[in-house]
Protein chains: 2
Amino acid sequence: MSSTRTEALVGTLRQHGWRVTSARRAVIAALVEAEGHMTADQLAEKVQSNQPDVHLSTVYRTLEALEQVGLVDHTHLGHGRAVYHLADDPHQHLVCDGCGAVIEVPDDTFTSLADTLRRSHGFTIRPSHFAVLGRCAACNQGQASG
Amino acid sequence: MSSTRTEALVGTLRQHGWRVTSARRAVIAALVEAEGHMTADQLAEKVQSNQPDVHLSTVYRTLEALEQVGLVDHTHLGHGRAVYHLADDPHQHLVCDGCGAVIEVPDDTFTSLADTLRRSHGFTIRPSHFAVLGRCAACNQGQASG
DNA sequence: CTGCTTGCAAATAGTTTGCACGTTC
DNA sequence: GAACGTGCAAACTATTTGCAAGCAG
């Protein structure tokens with residue numbers, strides 16, 4: 001059951017000095033149930049199915065709080081909208097230019113790239129914080145010349 | 001001199017069926033002179049120093065045309081604004097979370113990552129089309145705990 | 001009680017679009 | 001001279017913020 005997980009996250013939030021409200025609890029629950037990336041909009045919609053009063057701006061503010069505490073990460077998927085997910089499942093996103101599909105790949109796929117960049121430029125990449133654009137297997141197969 | 005280069009690009013644009021106007025020529029010239037990434041806003045400013053009438057929206061429309069023809073690529077540097085550059089100098093961008101610095105690295109830095117993703121997911125990454133967030137050498141050295 | 005949180009609406013930032021007029025081919 | 005391109009303003013999308021009222025601690 002996911003409510004145990006939700007309570008743990010809520011507890012962490014409280015330990016960091018943030019107040020626990022029903023809106024925040026609902027956003028966290030939505031993230032737990034989502035088990036993947038969701039936009040702020042999608043999260044708001046999900047939360048509002050139980051608590052219609054919770055406003056989109058509250059969702060944004062809650063997500064910001066959760067990011068500051070380190071419980072949530074967000075990624076930009078190329079075209080403006082950001083997706084949010086719980087930080088304890090670090091992964092990267094591959095976004096298909098053709099069909100918009102989002103593929104999640106484990107964090108360690110990028111280990112060698114991280115290593116290369118650190119050695120060549122002293123640059124440490126930030127895990128779980130960028131999306132890679134390209135073309136997915138399906139779109140590569142059905143690909144014409146455009 | 002770069003005007004030769006500008007004319008070549010203008011010619012390519014025309015060959016693809018687009019009309020050549022002074023606004024479009026100016027945007028292309030600005031890109032050639034920039035020799036790096038620029039936002040639409042910066043390009044507009046540069047163009048307007050010679051031709052004040054050229055509107056920002058025209059710059060956007062020209063950039064869109066140039067992208068369709070394949071002369072220009074754009075990348076999102078994490079926080080909303082896109083940067084544009086000529087497509088025949090493929091490179092990736094490293095963006096520092098700390099100081100906002102943008103480091104350009106050659107395309108082939110990502111060859112092994114591209115190879116890995118193609119084999120594991122059939123996913124072909126799109127060159128010059130994503131930014132990698134992280135922390136640059138300078139910020140890593142002056143780094144405290146937060 | 002104190003002051004962090006919230007809902008709302010309006011502001012912001014970056015980009016796109018409708019329209020009537022100007023320009024290119 | 002027909003169709004495409006342009007300037008302008010207004011729309012749009014994603015996100016942020018000011019403020020008075022609400023609720024957690």
Side-chain angles (χ1 to χ4, degrees), chain A residues 7 9-28 30 37-45 47-69 72-84 95 100 131, chain B residues 7 10-28 30 37-45 47-69 71-84 95 100 131:
Chain A
E7 286 313 310
L9 293 164
V10 164
T12 303
L13 189 62
R14 190 190 334 251
Q15 280 165 33
H16 281 259
W18 299 84
R19 292 192 179 169
V20 174
T21 65
S22 61
R24 287 184 179 162
R25 201 183 289 270
V27 171
I28 291 172
H37 48 267
M38 293 195 68
T39 64
D41 208 52
Q42 291 171 328
L43 284 169
E45 204 173 335
V47 167
Q48 285 163 0
S49 67
N50 291 326
Q51 306 189 41
D53 281 342
V54 176
H55 199 271
L56 177 59
S57 64
T58 299
V59 173
Y60 276 112
R61 283 189 271 223
T62 299
L63 288 169
E64 196 187 326
L66 292 169
E67 283 205 75
Q68 277 185 37
V69 173
V72 160
D73 253 330
H74 82 279
T75 308
H76 294 274
L77 296 189
H79 211 145
R81 57 186 172 181
V83 293
Y84 298 80
V95 181
Chain B
E7 286 313 310
V10 165
T12 302
L13 189 62
R14 191 190 332 253
Q15 279 165 32
H16 281 258
W18 300 84
R19 293 191 180 170
V20 174
T21 66
S22 63
R24 286 183 178 164
R25 200 183 291 268
V27 171
I28 291 172
H37 48 267
M38 295 194 67
T39 64
D41 209 51
Q42 291 171 329
L43 284 168
E45 203 174 335
V47 167
Q48 284 163 359
S49 67
N50 291 327
Q51 306 189 40
D53 281 342
V54 177
H55 199 271
L56 177 59
S57 64
T58 299
V59 173
Y60 275 112
R61 282 188 272 224
T62 299
L63 287 170
E64 197 187 325
L66 291 169
E67 284 204 76
Q68 277 186 37
V69 173
L71 295 177
V72 161
D73 253 329
H74 82 279
T75 307
H76 294 274
L77 295 189
H79 212 145
R81 57 185 172 184
V83 293
Y84 298 80
V95 181

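Below, chains carry the letters A, B, ... as their sequence lines are ordered, and counting in each starts from 1. Keep in mind that the numbers below use all heavy atoms, side chains included, and drop hydrogens, waters and symmetry copies.
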May I have the distance from [X] (atom [atom1]) to [N] (atom [atom2]), rounded to whole angstrom?
X: His76(B); N: dA14(D); atom1: NE2; atom2: P; result: 13 Å
X: Glu45(B); N: dG14(C); atom1: CD; atom2: C1'; result: 16 Å
X: His16(A); N: dT5(C); atom1: NE2; atom2: P; result: 14 Å
X: Gln68(A); N: dT16(D); atom1: CD; atom2: C1'; result: 14 Å

For [N], does OP1 or OP2 lie under 4.0 Å from any side-chain N or O of [X]?
X: Arg24(B); N: dT24(C); answer: no
X: Arg61(A); N: dT16(D); answer: no
X: Thr21(B); N: dT6(D); answer: yes
X: Ser22(B); N: dT23(C); answer: no
X: Arg81(B); N: dT15(C); answer: no
X: Tyr60(A); N: dT16(D); answer: no

At 4.0 Å (heavy atoms only), tell me whether [X] reaches a base, stays on the sugar-phosphate, or touches nothing.
X: Ser57(B); answer: base
X: Arg14(B); answer: sugar-phosphate
X: Asp53(B); answer: sugar-phosphate

Task: Upstream residue (5' side of DNA chain C) when Val83(B) and Trp18(A) are each assigned their closest nucleotide - done: Trp18(A)

TODO: Count the heavy atoms of every other residue, nucleotide or ligand shown that sit under 6.0 Å from CD of Glu45(A), and state whether that count exceeds 12.
DONE: no

Open item on the list: Any side-chain to backbone donor/acceptor pair from Gln42(A) onto Thr39(A)? Under 3.5 Å, distance only.
Closed with: yes

Open item on the list: Checking the side chain of Gln48(B) only, and the main-chain atoms of Val54(B) only, is there a donor and an acceptor separated by less than 3.5 Å?
Closed with: yes

Open item on the list: Is the shortest side-chain heavy-atom distance between Arg25(B) and Glu7(B) below 4.5 Å?
Closed with: yes

TODO: For the residue pair Arg24(A) and Thr21(A), establish whether any side-chain heavy-atom pair is separated by less than 4.5 Å.
DONE: yes

